[in-house]
Structure formats: C-alpha cells, structure tokens
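Written out below as structure tokens is the structure these notes cover.
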Amino acid sequence: MGSGSCQIIALINGVNYVMNVTSEYAPVAAIEIYAESTEISGIGNTLALTVLNTDETPEWISTDINVATVDENGVVTAMGEGTVLIIAKINNVPYTITITVKSDVLYGDANLSGDVNISDAVAILSYVSNSDKYALSEQQIDAADVYMRGDGLNNMDALSVQKFISNNLSVLPESYT
C-alpha cells in the first residue's frame, strides 16, 4: 500500500460510473513499551514504564505479583526475585515487556558491611539474645535471615553464616520456608 490516485469505473446497466480516488498513506508507528532498564535491583524499588506511539491509556497487568506489581500509571514495584511479564493492554491488544527483579541483599551480611564474616554471626546472636539492647534495622534483619528464610532471626541463622564463612556452605540463604 502507498499514496497515490486511481480511477474506479463501474458499469451498471450499460452506464459507466467513474470515481476518482486519491489516497495518502502514512504508516502508523508500532506501539511498544519503553523502560530505561528491563531490570530492577532491590526488592521494593520501582521502574516507570511508558507506552510509545499511542495516546490510548493502557490497562496494566503483571503476570506474577510475587515478582512485581504494576499500578495504573505503569510504575512497576519489585516484590521478589524472578522474571515477570508486564502487559499494557490497549484496545484489547496486549503489548509486553519482560522485567527481571534481582535482590540487592547480600545474604548473611547482618551488619551491612559489604561482606559476610564472623561479626555478622555475632550480630545475629546478640540480636537473638537481647533485641532491645542489640537492635538491628529491618534491612539488617532481612540480610541476616538466612536459615529457613522468612521465619525470623534465631541462632540457626548465625550457624548458617558460620558454615558459609568456613566454606561448609556454598550459598546463602541456606533454605526457604
């Protein structure tokens, strides 16, 4: 298809009917979802999505709200590690973008020093013995919860850190609830 002119002739009952047709073709740009990145680093962090080449307001949908949610403005919020499809539904047509969520937590690093060492195990044990005196922030507790992740801090988290630093455990967290 393209721009141009043509003549359409119809013969009806011996009479020619002539119609001149002029067409100007302007291709429409494809609708797409734009994001500065397709990765979110850190649970709770956000990424704004934009729909290009349309004035229509999309309906936003996340295929896995445990990985990321998306609000009516296209703002994606990281909820957990993994990969999720975010859909912008426009006139019942889905347009998708894949977002990967990675945790920025260094598991086992209870004191948030940037590495995992024996002082992290001590910080966990101190907190477990007297959380009022040896308080940890929410971020520290999240990093320290490495044994049966999600069940809260206890002495087994400190043991997992010790096993990790002595190379008896290759990765933290050790387990999930």
Side-chain angles (χ1 to χ4, degrees), residues 31-52 57-90 94-177:
I31 294 175
E32 62 182 276
I33 303 175
Y34 170 77
E36 286 187 15
S37 171
T38 56
E39 183 176 294
I40 303 174
S41 182
I43 307 306
N45 289 336
T46 61
L47 174 68
L49 301 178
T50 305
V51 177
L52 303 176
T57 301
E59 174 189 354
W60 293 100
I61 303 164
S62 169
T63 59
D64 188 345
I65 60 171
N66 294 314
V67 175
T69 60
V70 61
D71 70 11
E72 67 277 0
N73 299 311
V75 176
V76 179
T77 302
M79 303 303 286
E81 289 186 299
T83 301
V84 62
L85 281 179
I86 301 297
I87 302 167
K89 193 169 163 186
I90 301 169
Y95 301 90
T96 63
I97 187 168
T98 303
I99 304 291
T100 301
V101 175
K102 294 184 178 179
S103 172
D104 63 354
V105 175
L106 176 56
Y107 291 110
D109 185 16
N111 60 14
L112 305 179
S113 65
D115 65 346
V116 179
N117 56 46
I118 196 65
S119 64
D120 297 303
V122 171
I124 294 167
L125 288 173
S126 298
Y127 174 83
V128 169
S129 68
N130 188 344
S131 61
D132 291 331
K133 186 174 180 180
Y134 303 104
L136 295 177
S137 70
E138 191 174 309
Q139 185 179 7
Q140 289 173 302
I141 292 170
D142 183 47
D145 186 9
V146 293
Y147 181 82
M148 294 304 290
R149 180 147 175 78
D151 73 344
L153 287 186
N154 59 52
N155 62 333
M156 294 304 292
D157 295 296
L159 180 59
S160 289
V161 168
Q162 292 174 51
K163 288 169 35 181
F164 178 75
I165 59 179
S166 65
N167 294 318
N168 289 316
L169 185 63
S170 62
V171 66
L172 291 174
E174 183 173 359
S175 56
Y176 289 87
T177 57

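Here the structure is a predicted model, which means the values were calculated and not measured.
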Query raised in the report: With Ala110, which residues qualify under side chain to side chain contact (heavy atoms under 4.5 Å, CB included), at least two apart?
Result: Asp120, Ala123, Ile124, Ala144
Query - Pairwise side-chain contact, Met79 with Asn66, heavy-atom cut-off 4.5 Å (strictly under) - result: no
Query raised in the report: Which distance, rounded to the nearest 0.5 Å, do you find between the CG of Leu112 and the CD of Gln139?
Result: 5.0 Å
Query - pair Thr83-Thr98: side-chain heavy atoms closer than 4.5 Å - result: yes
Report task. Can you run down the salt bridge (Lys or Arg N to Asp or Glu O under 4.0 Å) pairs that involve residues 34-46, sequence neighbours left out, and say none if there aren't any? Result -> Glu39-Lys102
Pair up each side-chain donor or acceptor in residues 67-78 with any protein partner under 3.5 Å, not counting sequence neighbours, and list the distances.
residue: Asp71; atom: OD1; partner: Asn73; partner atom: N; Å: 2.8
residue: Asp71; atom: OD1; partner: Gly74; partner atom: N; Å: 3.1
residue: Asp71; atom: OD1; partner: Val75; partner atom: N; Å: 2.9

**Report entry** Distance-minimising heavy-atom pair for Pro173 and Tyr107
**Finding:** CD-CD1, 3.3 Å
Query raised in the report: Between atom CD1 of Ile33 and atom CD1 of Ile97, what is the distance when rounded to the nearest 0.5 Å?
Result: 6.0 Å
Report summary line: Residues passing the side chain to side chain contact (heavy atoms under 4.5 Å, CB included) test with Ile141, sequence neighbours excluded, are Tyr127, Leu136, Leu153
**Report entry** Gly150 backbone acceptor or donor facing Asp145 side chain under 3.5 Å
**Finding:** yes
Query raised in the report: If you look at every heavy atom in Leu172 and Gly108, which pair is closest and at what distance?
Result: CD1-CA, 3.9 Å
**Report entry** Neighbour count >12 (heavy atoms, 6.0 Å) for atom CD1, Ile61
**Finding:** yes
Report task. Could you pull out all residues at least two apart from Ser129 that satisfy side chain to side chain donor-acceptor pair (under 3.5 Å)? Result -> none
Could you give the side-chain donor-acceptor pairs of residues 159-166 under 3.5 Å, partners two or more places apart or in another chain?
residue: Ser160; atom: OG; partner: Met156; partner atom: O; Å: 3.3
residue: Ser160; atom: OG; partner: Glu174; partner atom: OE1; Å: 2.4
residue: Lys163; atom: NZ; partner: Glu174; partner atom: OE2; Å: 2.8
residue: Ser166; atom: OG; partner: Gln162; partner atom: O; Å: 2.9
residue: Ser166; atom: OG; partner: Lys163; partner atom: O; Å: 3.2
residue: Ser166; atom: OG; partner: Asn168; partner atom: ND2; Å: 3.0

Report task. Please list, chain by chain and in numerical order, all residues satisfying salt bridge (charged side-chain N to carboxylate O under 4.0 Å, His left out) with Asp104, sequence neighbours excluded. Result -> none
**Report entry** Gly114 backbone acceptor or donor facing Asp109 side chain under 3.5 Å
**Finding:** yes
Requested in this report: Could you pull out all residues at least two apart from Ile90 that satisfy side chain to side chain contact (heavy atoms under 4.5 Å, CB included)?
Outcome: Ile31, Val51, Thr54, Glu56, Pro58, Tyr95
Query raised in the report: Does Trp60 reach the side chain of Ile86, with side-chain heavy atoms less than 4.5 Å apart?
Result: yes
Query raised in the report: If you measure from CG on Leu47 to OG1 on Thr38, what distance do you get to the nearest 0.5 Å?
Result: 8.5 Å
Report task. Please name all residues satisfying side chain to side chain donor-acceptor pair (under 3.5 Å) with Ser119, sequence neighbours left out, ordered by chain then number. Result -> Asn111, Asn117
Query raised in the report: Can you name the residues that form a side chain to side chain contact (heavy atoms under 4.5 Å, CB included) with Asp142, not counting sequence neighbours?
Result: Val105, Arg149
